[in-house]
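Atoms within each ligand, like the ligands themselves, are counted from 1 in listed order. This chain uses plain numbering: 1 for the first residue, then up along the sequence.
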Amino acid sequence: MSFALLCFLLRLLITALSATPYRPTDQILFSCGSQSSGTDDNQRSWNGDARSKYAPPNIATTSIASEPTEQGSSVPNFAPYTTARIFQSEFTYTFPVLAGPKFLRLYFYAATYSNLDKNVSFNKNESFFTVTANEFTLLSNFSAYLTSTPSEPSFKKEFIINVEDNHSLNITFSPSPKSYAFINGIEIVSMPDNLYFRDLPIKFVNQLYYLKNTTALETRYRFNVGGGYVGIKADTGMFREWFQDDNYIPGGEFGYTPHAENLPIHYTEHSPAYTAPEIVYTTSRVIANGSKSLEWSFPIDSGFHYLLRFHFCEIQMEVTNQNERVFTISINNQTAEIEADVIFWTGGTEIPYFKDYVTWVSDDGRRGEKDLRLSLFPNLISRPKYSNALLNGLEIFKLSDSKRSLAAANPDHKLNSSPLGPDNSSQKKKNKDSSVLYPVIGSVTGFLLLLLFVSFLIFHGRRREEDFGLSEVKSSWVPLSITSKSTTKTSGSGSSLPSDLCRQSLLEEIKLAMQRQEVADNRGRDGVVVDGRDSPMSPSYPLLRHEEPTNTENDKLFSGSGEVVVESKSTNTSTASNDLSKSSITSTAAMTD
Ligand SMILES: *[C@@H]1O[C@H](CO)[C@@H](O)[C@H](O)[C@H]1NC(C)=O
Ligand SMILES: *[C@@H]1O[C@H](CO)[C@@H](O)[C@H](O)[C@H]1NC(C)=O
Ligand SMILES: *[C@@H]1O[C@H](CO)[C@@H](O)[C@H](O)[C@H]1NC(C)=O
Ligand SMILES: *[C@@H]1O[C@H](CO)[C@@H](O)[C@H](O)[C@H]1NC(C)=O
Ligand SMILES: *[C@@H]1O[C@H](CO)[C@@H](O)[C@H](O)[C@H]1NC(C)=O
Ligand SMILES: *[C@@H]1O[C@H](CO)[C@@H](O)[C@H](O)[C@H]1NC(C)=O
Ligand SMILES: *[C@@H]1O[C@H](CO)[C@@H](O)[C@H](O)[C@H]1NC(C)=O
Ligand SMILES: *[C@@H]1O[C@H](CO)[C@@H](O)[C@H](O)[C@H]1NC(C)=O
Ligand SMILES: *[C@@H]1O[C@H](CO)[C@@H](O)[C@H](O)[C@H]1NC(C)=O
């Protein structure tokens with residue numbers, strides 16, 4: 001009995017520690033043009049900038065606090081959009097923050113503004129300006145009006161900037177000639193040091209790319225692939241938004257969207273709990289019957305490198321082993337990953353994993369808009385059990401160029417130009433109440449609160465799932481397209497006693513750890529992974545070799561502009577089988593592009 005209790009408490013502690021989301025060390029919500037504080041649509045409190053220590057003392061004479069004059073149903077009536085600060089000459093805010101990477105979010109509401117006291121009015125179509133943050137140019141000759149859409153005139157732009165030791169974050173607004181600059185709100189939130197700047201080489205076609213912290217990033221897209229909108233409070237503590245990907249699938253080939261909301265997600269050292277919320281990993285998109293691939297198309301600015309982060313987690317009960325679902329990832333017709341096998345990477349199911357890739361999008365001459373195409377299709381060379389592909393989440397970042405600029409042309413058409421995915425307000429409203437508030441940790445009280453919260457989650461898990469409103473979204477557990485037999489698996493989250501549940505899940509965790517170790521050991525030995533588990537479903541032919549891009553010893557180093565690129569041997573597929581399927585031929589051909 002006492003063992004059961006101890007076990008249960010230990011389990012709580014493990015859950016608490018491994019599921020601990022990130023807690024920001026810097027968090028500034030700054031409502032520009034405002035005297036007082038206000039509350040946003042997520043009940044976050046924004047401080048006015050009029051008497052702030054972050055603004056220069058002469059702010060009242062060097063800028064104009066204004067209010068929008070627009071009327072209508074789409075006018076946002078919450079902070080920070082209810083006021084703006086207008087600049088007719090260069091203006092700098094200085095934020096003292098700790099060293100490390102920060103999210104910088106700039107909020108714009110493209111409206112005509114006025115200041116009644118000063119009897120002045122500013123037309124929304126006459127504002128063009130440049131925004132810099134420390135040495136980075138974030139926006140240049142930027143028009144919030146041309147960037148906004150009629151349905152969503154307010155939007156935010158998210159950047160990631162690394163602040164060095166003893167530096168502050170200086171944000172400067174400079175109006176174009178005969179123009180004015182404005183800003184409604186500034187949000188600064190810190191993040192784990194190695195969340196995006198990982199100090200590891202990233203695959204870049206046949207080369208490797210080193211993302212240094214002297215590069216600034218702009219978030220272009222962040223998707224909960226196959227799932228619903230995930231609001232800022234449901235993020236892992238950094239207030240990121242995760243959008244639906246439906247609007248970016250050409251030809252209406254939406255695939256299936258398997259959901260597994262009642263499965264526990266086992267975060268790892270590689271993919272810690274702050275990487276992405278559980279909901280990202282428990283929803284997914286796979287290829288539907290009759291379809292050959294998963295396809296996406298994203299409008300992006302040309303003339304930049306892009307970082308793409310793919311989030312994976314195997315949650316379909318049919319797929320439990322390596323070489324059961326193997327697929328190729330192609331970015332703009334270039335093969336990024338010839339053999340993606342999620343279970344090979346993770347060592348088991350319900351374990352999240354992310355992979356980064358860099359791609360270059362050539363300039364159209366004026367850094368105008370182009371489509372970035374993404375394609376995931378089965379790789380049948382190793383004769384995997386199923387012919388399918390999988391994606392759970394996706395983040396796409398624009399990388400600053402050699403002049404430390406992220407600035408691109410203004411959109412020349414006002415449609416399809418939302419900065420962070422589709423700002424679907426009805427979608428947001430539907431999901432707003434579902435946000436999960438993470439507790440504040442850092443004190444004894446905080447820890448006790450966390451324990452309470454965790455037990456709440458455990459005993460009310462079912463309710464939390466429903467809160468996300470996903471039960472209505474299509475069907476779950478859709479069979480894969482070559483389903484010959486399907487394995488039945490006992491779920492660990494049945495209606496068992498706490499002690500049973502505890503023992504079971506602890507055992508499961510130990511088993512998973514051992515499996516992962518096994519995979520790691522095998523990999524370390526000779527780079528070839530051998531599946532030790534004897535599964536009657538396993539195919540009888542030898543397993544394919546998987547090559548990891550980490551061995552750089554023999555690679556030649558040379559410097560590029562702002563990054564170091566390492567030439568590496570192109571990842572050749574093993575020439576194991578003669579009867580290559582059609583799709584494998586295509587993928588090999590694409591690789592040599
Ligand atoms: C930036 O990267 C350099 C080299 O990797 C490192 O020495 C430095 O500490 C990093 N800066 C921050 C603020 O993390
Ligand atoms: C405001 O300025 C306009 C011209 O810019 C002028 O016609 C008007 O009388 C002024 N209103 C007040 C109340 O000063
Ligand atoms: C801006 O729009 C107003 C009407 O809304 C128009 O009178 C003005 O000429 C426009 N300015 C420019 C520069 O297009
Ligand atoms: C920010 O501005 C302050 C005051 O102008 C200056 O002392 C500081 O060096 C600037 N910091 C950076 C990182 O540019
Ligand atoms: C700024 O952008 C506008 C609209 O895209 C364009 O008409 C104007 O020439 C640009 N100005 C500069 C200085 O590039
Ligand atoms: C930061 O400032 C402190 C105190 O002024 C100084 O001791 C430290 O060396 C500085 N660090 C860097 C990296 O400049
Ligand atoms: C990709 O390949 C297809 C077919 O070969 C071609 O139509 C398309 O233009 C290519 N796209 C890019 C971005 O190269
Ligand atoms: C928002 O999404 C709903 C359904 O999800 C759709 O009917 C509506 O047209 C969308 N609105 C916009 C502005 O995209
Ligand atoms: C997919 O196709 C296979 C054979 O073509 C069939 O047996 C299976 O039932 C189909 N699955 C679905 C979900 O339609």
Side-chain angles (χ1 to χ4, degrees), residues 22 24-26 68-72 86 88-90 95-104 108 110-114 120-148 150 153 159-170 173-182 188-202 208-217 301-303 363-369 399-400 403-415 417 419 557 559 562-564 566:
Y22 177 70
T25 50
D26 284 298
T69 58
E70 310 283 300
Q71 275 161 6
I86 308 261
Q88 291 171 298
S89 57
E90 192 173 295
F95 298 95
V97 291
L98 297 171
K102 311 289 164 200
F103 283 110
L104 169 62
F108 298 103
T112 290
Y113 287 93
S114 68
V120 282
S121 169
F122 299 93
N123 239 327
K124 61 183 165 192
N125 57 359
E126 287 163 8
S127 167
F128 291 91
F129 55 98
T130 293
V131 182
T132 63
N134 291 358
E135 66 271 38
F136 298 104
T137 304
L138 307 181
L139 302 165
S140 178
N141 190 37
F142 168 74
S143 164
Y145 169 67
L146 292 177
T147 307
S148 67
F159 302 93
I160 297 173
I161 288 164
N162 190 57
V163 178
E164 286 298 328
D165 244 358
N166 291 1
H167 281 201
S168 45
L169 186 51
N170 293 355
F173 297 84
S174 323
S176 295
K178 291 183 199 161
S179 188
Y180 71 94
F182 81 96
I188 297 169
V189 177
S190 61
M191 70 182 82
D193 283 351
N194 53 1
L195 177 57
Y196 295 112
F197 299 106
R198 299 187 63 235
D199 218 9
L200 289 170
I202 303 172
L208 296 174
Y209 186 100
Y210 284 87
L211 180 63
K212 290 200 208 153
N213 60 17
T214 48
T215 303
L217 279 61
D301 304 318
S302 62
D363 194 356
D364 68 349
R366 49 172 219 106
R367 293 201 152 166
E369 204 170 87
L399 305 181
S400 62
K403 292 181 182 136
R404 303 200 168 185
S405 174
L406 284 161
N410 283 314
D412 43 12
H413 52 96
K414 295 202 62 198
L415 295 169
S417 61
L557 266 161
S559 282
E563 79 270 2
V564 180
V566 176

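Not counting sequence neighbours, the partners of S190 by the side chain to side chain contact (heavy atoms under 4.5 Å, CB included) test are Y22, P24, T25, D26, K102. Here N194 pairs with P192, Y274 under the side chain to side chain contact (heavy atoms under 4.5 Å, CB included) rule; sequence neighbours left out. Taking the side chain to side chain contact (heavy atoms under 4.5 Å, CB included) definition, one finds that E164 meets it with N162, H167, N213, sequence neighbours left out.
Remark: ligand 5 atoms within the under-4.0 Å shell around heavy atoms of N141 are 1 (C), 2 (O), 3 (C), 8 (C), 10 (C), 11 (N), 12 (C), 14 (O). Which parts of ligand 5 touch N410 is read off a 4.0 Å heavy-atom cut-off, strictly below it: atoms 2 (O), 5 (O).
No hydrogens or angles considered: nothing links the side chains of N410 and S143 as a donor-acceptor pair under 3.5 Å.
Closer than 4.0 angstrom to ligand 1 by heavy atom are G100, N162, V163, E164, N213, sorted by chain and number.
Ring orientation note: the planes of F129 and F108 are tilted relative to one another, at an angle of 30° to 60°.
Under the 4.5 Å side-chain criterion, counting only non-hydrogen atoms from C-beta, I161 is in contact with F136.
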Applying salt bridge (Lys or Arg N to Asp or Glu O under 4.0 Å), run through K124 and E70 and close with a yes or a no. CA-CA 10 Å; K124 61 183 165 192; E70 310 283 300; 3.2 Å; yes

